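As the structure is a prediction and not an experimental result, all values here were calculated from the model. For the numbers below, each heavy atom of this structure counts, side chains included, while hydrogens, waters and symmetry mates do not. Numbered from 1 within each chain, the chains take letters A, B, ... in sequence-line order.
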Protein chains: 2
Amino acid sequence: MASIRDLAKQLNLSPATVSRALNNNPLVAPEVRRRVLTAANKLQYVPTIGRRETMNIAFAYAGDRSIGSPFDAALMEGLTDRMESGGFDLVILDVKRAVHPRETFSHMFRRKGIRGAVLRTTSEAKGLCEQIAAEGFPCVVVGEHFDNEGISVVRSDSLTSSRDAVNHLIDLKHEKIAIAVNQVDDSDHLDRIAGYRDSMAQRGMAIDDRLIFRIAAKREGGIQLIRRIAAMPDRPTAIFFADPLPAIGAMMEAQKVGWSIPRDLSIVGFDDAELRFMVHPTMTAICQDARELGRVAFEALDLLFSQKGRELQNSAVRRILPTQLECHGSTGPWLA
Amino acid sequence: MASIRDLAKQLNLSPATVSRALNNNPLVAPEVRRRVLTAANKLQYVPTIGRRETMNIAFAYAGDRSIGSPFDAALMEGLTDRMESGGFDLVILDVKRAVHPRETFSHMFRRKGIRGAVLRTTSEAKGLCEQIAAEGFPCVVVGEHFDNEGISVVRSDSLTSSRDAVNHLIDLKHEKIAIAVNQVDDSDHLDRIAGYRDSMAQRGMAIDDRLIFRIAAKREGGIQLIRRIAAMPDRPTAIFFADPLPAIGAMMEAQKVGWSIPRDLSIVGFDDAELRFMVHPTMTAICQDARELGRVAFEALDLLFSQKGRELQNSAVRRILPTQLECHGSTGPWLA
DNA sequence: GGCTTTCGTTGTAACAGTTTCATGAACTGT
DNA sequence: ACAGTTCATGAAACTGTTACAACGAAAGCC
């Protein structure tokens, strides 16, 4: 509704200055820029081209750009599925790179004609997402969760399925069950640890903190973990991996060391794509439907758009999708 | 350079009508629209917002959308690597979906403020790419090649490395060497067959057409191929796969059938990502650097932009990147 | 046939945002 | 104190888009 000229009138400025402030032109006083930006946020300014509203949605990386992962690809696929019916276009973005020095994030999005963002983040960049949401820009975070109630989130529920995974291993008579989690903390991964603890406690198993491993969420991490436990006096007989790639690395390395899977070691992994079918033996894994996650993310964003007009505060959306434990060939009974 | 008002003046129309024609508004006579579009193409019309040129580049799927593959993801990663320095944004697009009925492709791109496109295509949609290029819209096709000299192409050279792959198998004393290629024809895959034939002929091996298999480029395709050759009286002892996923499917299925790799069967695959490290044993494969392909694609497009001003015709760019044969654990000498 | 109505097409004008150029204020050097 | 420089801003000119009016041709009605 509010145009640049409306903002200008309200702030006693010229449209030119407002435009410059919004575009991060250095030729504008910092104090004036701040006033313009706060006004733009308060009045829910949306840029238009001519008389048409811009129709871009961003797939934005908040932390390190993990584009290239199957998870992200599937996410985008789901997003575009739903988007094109509404005439939206998807723009790929790295917020840290795209933002100019001393520019607000919402400001950067508006400059690019973006109406809303689907945020991908790593744990260390969570604060960045909170900042964007706090600026009042319509955004949905995928795959993380926040204590902050004001942030819209779409993610999978890994707590329940983590319990299922560990229960599955206990049912198979394993007694020394390890868990391997990404070394950088992340609420979703904390859930997986919580699921592990829950299940162990509920089934009356002792929890040995030395069996909770922090590793790099890459193939390398799994390889190194196998080397570590191979040197242990009484090694675990089953490992639950909270990430896809290290699980695969571990399966390879275990076989290289001469262990047979699942006879000498059972492994439960995590899979967003079809990696579980590409290894030998096929991998028992917790599966999340990343494509569906993308679809739901767009629907959440769309809801946010329609809410934005009516009511401003406390309109956060939270969608939690179930994940499933699929049993394949990498887990078996412990016979020793 | 040319604005909507320039076009209007030249065509004796109002700016409004030109804008409508360019935006596929139905309220414009078909004859008038045709005149506007040809003029827009001739004058190399580029839309601007205010006085600023739009800075969008499309990653466009011409055929079936294969977004979700590691190859595409890596391609995008490479593209964005180079793009952001120039202030460009990447827009994901499905041309068939995005184009309105009776709308030109270049027209659709311009409507969305897109300056140039990187085209991903399947073999059956090659004609679509030729059409876009014929309309004079700056575009680069990735991964295909064309007889048509006027189309800019960035691709890997799979001919040489296909020869290397087959030579490698011949060096290992294999005598019955099969090749498995995607069942839909595609110039890049024809190259791989040509490389196979070249090498076999040069080394004095008989070419048995029954050892040239057409399969689906999915994991399933590889699985079914193994079942087929398991039933053959004198089966091949080595297979060269021209696609990543069936190679992996085949390795799995072969081991399921009880064959040991590489003792009972050698396999050379194809890899755009890191799949070769995720299977057991690690897979000998022809590797292409998809990320680099993306970088080069942007550079080609950038070159096209700068050429466009000076000279109109015959400014097609062709970049062919080398691929490499990496030897791992899935190939070994034939001892029978 | 003459009139009105309707529909399709086009132009005018008002609007969106951006940038060039000019203007004035504040600061700096002598 | 005065000239020169730098910085911030506004007016104006220019993008592209759409609401509204206007025009003309075809169709319907008496």
- Item | Value in whole Å for how far the C1' atom of C:dG11 lies from CG of B:L7 | 17 Å

- Task: Let me know the distance between CD of B:E31 and P of C:dT10, rounded to the nearest Å.
- Result: 10 Å

Can I get a per-line list of side-chain donor-acceptor pairs under 3.5 Å for residues 128-137 of chain B, giving both atom names and the distance, sequence neighbours left out?
| from | atom 1 | to | atom 2 | distance (Å) |
| --- | --- | --- | --- | --- |
| B:E135 | OE1 | B:F105 | N | 3.4 |
| B:E135 | OE1 | B:S106 | N | 2.7 |
| B:E135 | OE1 | B:S106 | OG | 2.9 |

- Task: Send over the distance from A:N12 CG to D:dA8 C1', rounded to a whole Å.
- Result: 16 Å

- How does each nucleotide of nucleotides 16-24 of chain D score, in 5' to 3' order, for protein heavy atoms under 4.0 Å: base (B), sugar-phosphate only (S), or none (-)? BBBB-----

- Between CZ of B:R33 and P of C:dT10 the distance, given in whole Å, is 10 Å

- Query: What integer distance in Å separates A:K9:NZ from D:dA11:P?
  - Reply: 13 Å

- Item | Cation over ring face, A:K126 and A:F146, 6.0 Å, 45° | yes

- Item | Axial cation check for A:F59 ring with A:R120, 6.0 Å and 45° limits | no

- Query: Rounded to the nearest 0.5 Å, how far does CG of B:L75 lie from CD of B:E292?
  - Reply: 11.0 Å

- Task: In whole angstrom, give the distance that lies between atom CG of A:L27 and atom P of D:dG10.
- Result: 13 Å

- Message: For the residue pair B:R115 and B:F88, would you count it as a cation-pi contact if the rule is NZ or CZ under 6.0 angstrom from the ring centre and within 45 degrees of the ring axis?
- Response: no

- Query: Starting at NZ of A:K112 and ending at C1' of C:dG17, how long is that distance when rounded to a whole Å?
  - Reply: 16 Å

- Query: Checking all strands, does A:V18 fall into the base, sugar-phosphate, or nothing category for heavy-atom contacts under 4.0 angstrom?
  - Reply: nothing

- B:R155 and B:E144 ion-paired at < 4.0 Å: no

